[in-house]
Amino acid sequence: MRLFLFCILLGFYTATTFAQDPLAEKMEWYKQSKTFGSLFVHFDKNVYANNETIWFTGYLLKSGIKDINKHKILSVSLIRDIDSSVVVQDRFLMQDGISFGNMLLPDSLLTGDYHLLGHTDITIKGKPEAVFFQAITIKTNIDPSFKANMKLMESANAQNGTNKLLLSVTSKEGSFLPKPTKVSYRYGNVYQTSKTDASSQLLISLPPQKQLKDPNIYVKLNYGKDSTFINMPIPQPKAKASVKFYPEGGNMINGLYSKIAWEAKDEQDRPLSLKAFLFKDDQIIDTIETSSYGIGKFKLVADQAHQYSVKLVHSGLADSTFILPKPIVKGLVMDISNAIAQDTLRISLSSNNTRNITIRVHNFRESFLYIPFDMEYNKRVIKIPLTEVPKGLNTVTITDSLDRPLAERMFFAHYNPSQKIKLSTDQAVYKQREKVELKLNLTEMEEQAVVSIACVQDNRLALKKITDIESYTYLNQELGSLPLNVKGNAYADKEYMEQILLVKGWRRYTWPDLQSATDKAIPQDMDSLKIKGQVNRNKKELGKEMTVGTMGGNSIELILRQTRGALTSKTNN
């Protein structure tokens with residue numbers, strides 16, 4: 001009977017106390033202070049060849065500004081990963097949050113990893129409000145007029161503290177080049193430029209670097225008008241893993257049963273699947289492990305009088321012990337066994353002193369449920385209906401009577417991985433330039449929808465670079481970079497999402513930032529069409545002001561050169 005009455009009261013609070021949340025106004029201010037725009041660009045594939053056309057459609061899914069039509073331009077750039085060079089850049093009109101177009105890839109592109117960067121023309125605090133990244137691969141049949149190879153001559157050890165590599169450059173026929181080749185290389189924080197000797201070789205010495213995120217050396221070679229890139233990994237000594245612990249809700253509480261998630265990564269931030277021993281002081285009390293995503297969990301009744309630690313079992317890592325955080329003497333533990341919820345969220349609360357608490361369901365931008373609650377017993381199980389909560393990632397925060405957070409957990413509301421669109425074709429095999437008849441069946445769609453479709457070869461889609469709109473919008477956009485899902489669709493993998501929310505859920509936002517939010521307006525601007533530049537004469541600054549005229553279409557604008565030669569257009573026309 002007690003639980004039944006609570007469900008009735010919960011519905012009552014949902015209807016009447018929403019407007020009484022004392023932090024609702026601060027959430028609105030916090031929302032205005034952050035860039036919450038979401039842009040998704042559907043590119044036709046993620047593997048291209050030189051002299052090929054990239055087709056795309058851009059969707060502005062949400063924006064921090066009320067009028068979505070203020071986003072008028074979509075800028076798309078092709079950027080080479082190895083040296084961050086912008087290879088191609090173009091702008092396209094956007095209307096009603098939709099933009100589409102195409103870009104022709106230069107025929108001189110070299111094989112390698114690139115990414116496409118898209119953003120609109122609205123900026124907040126000088127940064128684009130809506131940004132999208134898509135990793136791609138360029139494959140070409142262009143060979144430079146020379147060949148290059150690199151091999152490791154000596155590895156760093158106790159006697160020799162440097163790695164030595166020999167770079168050799170020859171003609172296609174294998175003969176020496178008559179002129180030296182310009183060589184630029186990057187290894188960690190080392191950037192060097194040199195030239196090959198008369199034998200078309202260069203000996204490169206690389207001192208060891210600690211905590212190297214990328215163990216590869218990247219080399220750019222220029223000979224005449226041709227250039228190419230090569231890279232190779234440098235052997236690294238055994239290093240310590242990066243291990244972090246995440247007690248569910250935020251803290252371990254003395255004497256209370258807690259679930260603790262943990263995450264293991266190597267120095268390159270790659271997930272580690274491994275086993276470990278859990279120690280209580282010097283005694284092993286459990287064997288724990290991480291999944292292929294480097295995430296694991298275990299349960300523990302913490303005693304403040306003892307120290308808890310984890311020792312990894314992995315032959316490729318240096319021996320190391322990681323200490324768990326100290327439990328807090330008094331507090332509250334929150335346990336959510338299923339954070340990927342549909343219409344109801346089940347929460348288990350345990351406390352060793354807290355009585356009057358507040359349950360708040362929100363997304364740091366808007367408060368949906370505000371429920372004062374009395375912990376009549378030390379342990380309670382609560383079921384919260386999610387009728388008023390929007391679909392997607394939300395947060396439940398438990399606070400005391402002074403709105404100080406006691407426990408917090410992110411969850412996903414109204415999870416439904418069912419397929420929203422079904423495709424059928426008139427036949428299974430087609431010839432070149434043959435017509436494809438396609439039928440679309442939109443399921444569970446109450447409104448009209450816009451669909452972008454691409455027909456490409458299967459080998460032009462690399463699984464690890466596929467970005468689907470649901471996973472990006474609901475997960476990556478909110479949580480940032482995530483481990484690669486082995487099934488290719490993170491949103492459709494419920495177990496993957498459960499693991500991610502154990503360790504990623506509370507990182508993006510902080511409660512102190514919310515409480516310190518003010519009503520100070522955040523400047524928004526459209527600056528993608530501004531003209532900026534520098535006016536010099538003989539590579540020296542001019543000694544007096546001058547006016548520069550610009551013409552575009554039927555408009556003419558005069559720009560006053562500021563002091564020290566800088567100029568900026570006065571308008572965005």
Side-chain angles (χ1 to χ4, degrees), residues 6-38 61-66 124 248-250 332 334 336 339-349 354-375 380 382-415 473-475 477-479 501 504-522:
F6 175 73
C7 290
I8 295 177
L9 288 173
L10 185 59
F12 175 77
Y13 278 122
T14 301
T16 62
T17 66
F18 167 72
Q20 299 175 11
D21 187 347
L23 295 181
E25 188 176 38
K26 283 187 174 291
M27 287 188 184
E28 178 63 28
W29 295 342
Y30 186 80
K31 173 183 176 181
Q32 296 176 8
S33 69
K34 300 294 181 180
T35 56
F36 289 113
S38 178
L61 304 176
K62 60 182 178 181
S63 174
I65 61 177
K66 294 181 179 180
I124 297 178
E248 186 173 19
L332 178 142
M334 175 168 52
I336 299 179
I340 311 303
Q342 292 184 347
D343 300 322
T344 304
L345 182 68
R346 186 178 184 274
I347 303 175
S348 176
L349 299 178
T354 303
R355 287 293 180 263
N356 296 320
I357 64 173
T358 298
I359 302 173
R360 179 184 278 105
V361 178
H362 60 98
N363 61 4
F364 281 90
R365 303 184 284 276
E366 185 177 357
S367 179
F368 306 110
L369 297 174
Y370 176 70
I371 310 163
F373 187 70
D374 184 8
M375 283 287 293
R380 297 293 300 272
I382 304 168
K383 292 183 179 180
I384 301 179
L386 303 176
T387 308
E388 304 296 326
V389 180
K391 179 178 180 178
L393 292 176
N394 294 277
T395 301
V396 55
T397 303
I398 311 296
T399 57
D400 62 13
S401 58
L402 299 178
D403 272 333
R404 295 175 298 190
L406 301 172
E408 186 170 281
R409 180 80 149 87
M410 187 174 277
F411 68 96
F412 195 101
H414 306 293
Y415 178 70
T473 304
Y474 289 127
L475 300 178
Q477 185 72 12
E478 292 288 333
L479 303 176
L501 290 189
K504 299 280 188 180
W506 52 271
R507 289 184 179 180
R508 186 175 174 88
Y509 311 104
T510 60
W511 197 256
D513 286 349
L514 172 63
Q515 291 187 317
S516 63
T518 67
D519 60 348
K520 184 178 180 181
I522 302 301

How long is the span from the CG atom in D513 to the OH atom in Y30, to the nearest 0.5 Å? 5.0 Å
Between the main-chain N or O of Y370 and the side-chain N or O of H362, is there a donor-acceptor pair closer than 3.5 Å? no
Atom pair CG (L514) and OG1 (T395), whose distance is rounded to the nearest 0.5 Å: 10.5 Å
Pairing residues for K62 by the salt bridge (Lys or Arg N to Asp or Glu O under 4.0 Å) criterion, not counting sequence neighbours: E478
State, to 0.1 Å, how close M334 and E248 come at their nearest heavy-atom pair, and which atoms those are. O-CG, 3.4 Å
Partners meeting ring pair (Phe, Tyr, Trp, His ring centres under 6.0 Å) with F412 (sequence neighbours left out): Y415, Y474, Y491
Are any of the side-chain heavy atoms of D400 and L332 separated by less than 4.5 Å? no
Do the side chain of Q477 and the main chain of G37 share a donor and acceptor less than 3.5 angstrom apart? yes
Separation of S401 OG from I357 CD1 (nearest 0.5 Å): 11.0 Å
Can you give me the closest heavy-atom contact between D374 and R380, atom names plus distance? O-NH1, 3.9 Å
Those residues that, when tested against E28, pass side-chain hydrogen bond (donor to acceptor under 3.5 Å, both in side chains) (two or more places apart): Q32
Report the distance from atom CG of L479 to atom NZ of K504, rounding to the nearest 0.5 Å. 8.0 Å
Can you name the salt bridge (Lys or Arg N to Asp or Glu O under 4.0 Å) partners of D343, sequence neighbours left out? none
Locate the shortest heavy-atom distance separating F411 from V396; write the atom from each residue and the value. CE2-N, 4.0 Å
Shortest non-hydrogen contact between D403 and T399, atoms and distance: OD1-OG1, 3.5 Å
Rounded to the nearest 0.5 angstrom, the CZ-CD1 distance for F368 and I384 is 13.5 Å
Run the side-chain hydrogen bond (donor to acceptor under 3.5 Å, both in side chains) test against S63 and tell me which residues pass, sequence neighbours left out. H71, E129
Least distance between heavy atoms, M27 atom then E366 atom: SD-C, 3.6 Å
The criterion is side-chain hydrogen bond (donor to acceptor under 3.5 Å, both in side chains); which residues satisfy it with R346, sequence neighbours excluded? none
Could you pull out the closest heavy-atom pair between A341 and L345, with the gap in Å? CB-CD1, 4.3 Å
In Å and rounded to the nearest 0.5 Å, what is the CG to CZ distance from D21 to R360? 4.0 Å
